Every structure is written in C-alpha cells, then in structure tokens.
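The structure appears below as structure tokens.
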Amino acid sequence: MSVSSLPIVTLPSGEKVPQLGQGTWHMGEGGRRRGEEVAALKLGLDLGMTLIDTAELYADAELVVAEAIKGRRDECFIVTKVLPENSTHARTIAACERSLKRLSTDRIDLYLLHWRGRPRLEETLSAFKELMSAGSIRYWGVSNFDVGDMEELFALPGGDACAANQVLYNLRRRGIEAGLLPWCRARGVPIQAYSPIEQGRLLRDRVLTGVAIRHRATTAQIALAWVLRQPDMIVIPKAATLEHVRENRAALDIELTAQDLAELDRAFPPPRAPRPLELL
Ligand SMILES: NC(=O)c1ccc[n+]([C@@H]2O[C@H](COP(=O)([O-])OP(=O)(O)OC[C@H]3O[C@@H](n4cnc5c(N)ncnc54)[C@H](OP(=O)(O)O)[C@@H]3O)[C@@H](O)[C@H]2O)c1
C-alpha cells in the first residue's frame with residue numbers, strides 16, 4: 001500500500017496506515033451526488049488518504065467506495081463495520097460476505113464491530129478469527145467501546161489482538177482524554193477519531209475562526225489540525241467535494257502554536273475526570 005508522504009500510524013501488527021483517512025457516512029444516499037462522492041474519494045486517494053472508512057449501516061456507501069477504489073484496490077486500506085444486531089457468529093460471517101460483495105473486493109483490511117450489542121463478544125470474536133483465517137478480513141477491531149467494554153474484550157482469549165477502537169473525538173468531545181485514550185495508548189490500540197469536525201457543527205465557532213484567520217486557514221482545517229497534532233491518532237473526516245478533500249489534506253501542514261492550543265483549551269476545556277463515552 002502506498003502511503004505517499006502522509007504521516008503514518010503503525011497498527012499493532014506493525015502495518016503502517018496514513019494518519020489522515022476518509023469517512024463515508026451519508027455517501028451513497030441518493031443518485032444525484034454519487035459522481036461527486038466517487039470523485040472526492042478518488043482525489044483523496046491521489047493525495048495519499050488511502051484509508052477509507054465505511055460501514056454496512058451507511059446506505060450504499062460501500063458501493064460508492066467500490067467505485068472509487070476500482071483498479072487501485074492494493075493502494076487502499078478499507079475499514080468497514082458489522083452492525084451489533086448482526087454480530088452473532090453466523091450473522092457476522094454473513095454480514096462480512098455481503099460487505100465484500102458490495103465493496104467488490106476479496107478482503108477487508110479492518111473489520112469493526114460498530115458498537116456493543118446484545119450478542120456476546122465471544123461470538124463476534126470467534127467470527128472475526130474465522131474470517132481472518134479465511135483471508136476475508138486482515139484485522140479486526142471495535143468502535144464506540146468505552147473502557148469497561150475494552151476491559152471485557154481484553155479479558156477474552158485473543159481479545160488483545162484488537163487493531164483499533166473508532167470513537168467520537170473532536171474539540172467539543174474531549175471526554176476520552178480522561179480515560180479511554182490513555183487506556184488504549186497504554187495497550188497500543190490506535191484510536192480512530194470519527195466526526196473530527198463534529199459533522200460541520202464546529203465550522204462557525206468564533207474561537208476556531210480566530211485561530212483559522214491567524215493561519216490563513218479554514219475553521220475545518222483548524223479542527224482537523226487539532227486532532228492530527230497527536231501523531232498516534234487516525235483521523236477520518238468525511239468530505240464529498242473536491243475542495244473539502246484538498247482542504248482536509250492541507251490541514252496536515254498546519255502547525256498549531258502554544259497560543260492557539262491555549263485559546264482552544266480555554267474554549268473547549270479538557271475533561272477533569274473520566275466521563276462516559278459519547279457517540280453519534
Ligand atoms: N463508528 C461510528 O460510530 C461512526 C460515527 C460517525 C462517523 N463515523 C465515521 O467517521 C466519518 C467522519 O465523521 P462524520 O461524517 O460524522 O463527520 P465529520 O467528518 O466531522 O463532518 C462531515 C461534514 O463536514 C463537512 N466537511 C468536510 N470537510 C470540510 C471542509 N474542509 N470544510 C467544510 N466542511 C467540511 C462535510 O461536507 P461535504 O460532505 O459536503 O464535503 C460533512 O458535511 C464518517 O463519515 C464515518 O465514516 C463513524
């Protein structure tokens with residue numbers, strides 16, 4: 001896989017992935033924007049953002065991804081997710097087969113349990129192991145798992161092979177800093193930060209805008225630069241226009257100053273104590 005000149009994050013296996021990837025939630029929801037979505041993902045690949053995150057939940061997003069990666073599968077690191085209601089042993093295997101078909105690929109690089117559901121974790125885990133042995137998935141991980149869920153997972157045989165935990169993290173959602181983030185860091189489990197610009201809700205923030213003006217950047221770029229300054233954090237903004245993709249890639253070139261960080265800390269204070277994981 002080519003990771004171009006992007007900073008990289010090393011997975012527990014030693015494999016390297018680009019720190020900045022691409023999300024796909026709300027892609028594939030209607031024919032009208034489809035061409036633009038495919039073009040945006042392709043441009044992202046050209047710019048080195050070769051980690052693409054999708055899910056069986058996201059309407060036809062897996063089909064959009066299939067179109068975008070056509071002819072360049074080997075460059076890409078594809079992440080998709082099984083829904084909790086499908087996470088029994090048999091249903092996980094079936095869900096994975098459906099995702100492989102929709103993605104038009106013979107393998108998923110990282111397969112995540114989207115959030116905790118009723119089925120026992122042992123069942124999902126045994127399906128993940130079977131899928132790995134069959135070569136259908138290369139790694140497995142979880143999403144929206146708080147410290148208690150991670151402890152339960154790690155207590156299971158092979159549970160510590162978890163390759164990532166994908167969670168909500170941005171300036172307005174800093175809760176993980178007081179618990180989950182250090183827990184994962186101590187055990188070498190990379191965090192994938194989703195909704196890094198809070199689905200666009202951070203764009204009009206006054207303090208972010210002030211910092212952006214100083215850097216001749218956009219507010220979205222400052223929100224991304226703030227998450228990206230942590231070198232072990234994988235960040236997966238979703239962008240469906242070429243302009244947004246270019247901007248997001250350029251956020252990697254922004255270096256926030258001590259003054260910027262102090263202002264952002266005042267406006268978006270870090271948590272003082274552990275709090276339950278938030279999700280979207
Ligand atoms: N595991 C989970 O439970 C979970 C939950 C939520 C999200 N996710 C994953 O994380 C990805 C990212 O999160 P998200 O989609 O929720 O939110 P996000 O990436 O924080 O925000 C996406 C929104 O921001 C806009 N945007 C992107 N770049 C921009 C820029 N440079 N300037 C202005 N606006 C910009 C996008 O507009 P355009 O589309 O018009 O470009 C879109 O409306 C998802 O797509 C999904 O893959 C996972």
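For ligands, and for the atoms within them, numbers begin at 1 and follow the listed sequence. On a predicted model such as this, the values are computed, not experimentally measured, just so you know.
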Considering only heavy atoms, which protein residues lie less than 4.0 Å from any atom of ligand 1? G23, T24, W25, R33, D53, Y58, K81, H114, S143, N144, Q166, Y194, S195, P196, I197, E198, Q199, G200, L203, A220, I236, P237, K238, A239, A240, T241, H244, E247, N248

Ring-ring centroid check Y111 F128, cutoff 6.0 Å: yes

Side chains of Q22 and D53 only: does a donor on one sit below 3.5 Å from an acceptor on the other? no

Would you please indicate if the ring centroids of W183 and F145 are separated by under 6.0 Å? no

Is there a donor-acceptor contact under 3.5 Å from the side chain of R107 to the main chain of G135? no

Parallel, tilted or perpendicular: which fits the ring planes of Y58 and W25, with parallel below 30° and perpendicular above 60°? parallel

Atom CD in E37, atom CG in D60: separation rounded to 0.5 Å? 10.0 Å

